[in-house]
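In what follows, a single structure is set out as structure tokens and then discussed.
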Amino acid sequence: MIERFDTGARSSKIVKHNGVAYLTGQVAEGDTIQDQVRACLDNIDALLAKAGSSRENMLRVTIWLADMQDFEGLNEVWNAWVPAGHAPARACGEAKLARPALKVEFIVDAAYA
């Protein structure tokens with residue numbers, strides 16, 4: 001069975017299937033990469049909770065940066081947020097994002113009970 005949460009015309013915020021919760025890409029406003037990363041991670045925490053999961057259950061995270069020069073700033077916030085011993089598989093690359101002000105986008109897949 002497939003469950004969809006907060007489904008709109010273009011996408012669902014969460015899709016759950018076969019023990020995995022797939023979160024829609026998370027972007028956020030903010031002046032610095034750290035501000036945007038913190039806001040995205042707060043959104044991810046809320047979505048994971050709604051899906052019956054948590055950051056300890058993340059399986060894979062894909063991160064797109066508008067500029068790889070922000071890699072260090074991303075990791076500064078990310079490293080403090082990921083629970084010790086529960087780091088997911090992760091990929092990070094550079095991509096043109098939907099709006100010029102956006103610096104980062106996260107795509108998360110997580111197990112749920």
I107 vs V61, side chain to side chain contact (heavy atoms under 4.5 Å, CB included): CA-CA, chis, key distance, verdict: CA-CA 6 Å; I107 303 165; V61 177; over 6 Å; no
Side chain to side chain contact (heavy atoms under 4.5 Å, CB included) assessment of F5 paired with L47: CA-CA 10 Å; F5 296 78; L47 289 171; over 6 Å; no
N/O donor-acceptor pair under 3.5 Å between E56 side chain and A87 backbone: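 Such a contact is absent between E56 side chain and A87 backbone.
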CA sep, side-chain torsions, deciding dist, call: V104, I33, side chain to side chain contact (heavy atoms under 4.5 Å, CB included): CA-CA 7 Å; V104 63; I33 185 64; 3.8 Å; yes
Which residues pass the side chain to side chain donor-acceptor pair (under 3.5 Å) test with [X], sequence neighbours left out?
X: E3; answer: none
X: T7; answer: S12
X: T62; answer: none
X: R55; answer: D45

CG-CD1 distance between L41 and I44, expressed to the nearest 0.5 angstrom: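 Going from CG on L41 over to CD1 on I44, the span is 5.0 Å.
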Pairwise distance CD1(I63) to CG(L65) - rounded to 0.5 angstrom: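 If I round to the nearest 0.5 Å, the distance is 7.0 Å.
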Nearest non-hydrogen partners of Y112 and S53, listed with the distance: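 Shortest heavy-atom contact: CB-CB, 4.1 Å.
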ring-ring contact (aromatic ring centres under 6.0 Å, His included) contacts touching residues 46-101 (sequence neighbours left out):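 Every ring-ring contact (aromatic ring centres under 6.0 Å, His included) pair that includes a residue of residues 46-101, provided the two are not neighbours, is W78-W81.
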Salt bridge (charged side-chain N to carboxylate O under 4.0 Å, His left out) partners for D6, two or more places apart: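 D6 satisfies salt bridge (charged side-chain N to carboxylate O under 4.0 Å, His left out) with K50 only.
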Crowding at CZ, R90 (>12 non-hydrogen neighbours, <6.0 Å):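 More than 12 within 6.0 Å, yes.
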Residue D31 excluded, over 12 heavy atoms near CG under 6.0 Å: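 It does not: D31 CG has 12 such atoms or fewer within range.
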Going by atom type alone, with no hydrogens or angles, which donor-acceptor pairs under 3.5 Å involve a side-chain atom of residues 21-30 and a protein atom two or more places apart or on another chain?
from, atom 1, to, atom 2, distance (Å)
Q26, NE2, T24, O, 3.2
E29, OE2, R99, NH2, 2.7

Side chain to side chain contact (heavy atoms under 4.5 Å, CB included) between K103 and L74, worked out: CA-CA 10 Å; K103 298 177 182 297; L74 157 72; over 6 Å; no
Close side-chain approach of P88 to V82, heavy-atom, < 4.5 Å: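 Yes, side chains in contact.
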Close side-chain approach of V20 to H17, heavy-atom, < 4.5 Å: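 V20 vs H17: side chains apart.
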Qualifying salt bridge (Lys or Arg N to Asp or Glu O under 4.0 Å) pairs, either residue in residues 60-85, two or more places apart: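 As it turns out, the salt bridge (Lys or Arg N to Asp or Glu O under 4.0 Å) pairs with a partner in residues 60-85, which skip direct neighbours, are R60-D109.
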Residue pairs passing the salt bridge (Lys or Arg N to Asp or Glu O under 4.0 Å) test where at least one lies in residues 8-21, sequence neighbours excluded: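 Found none.
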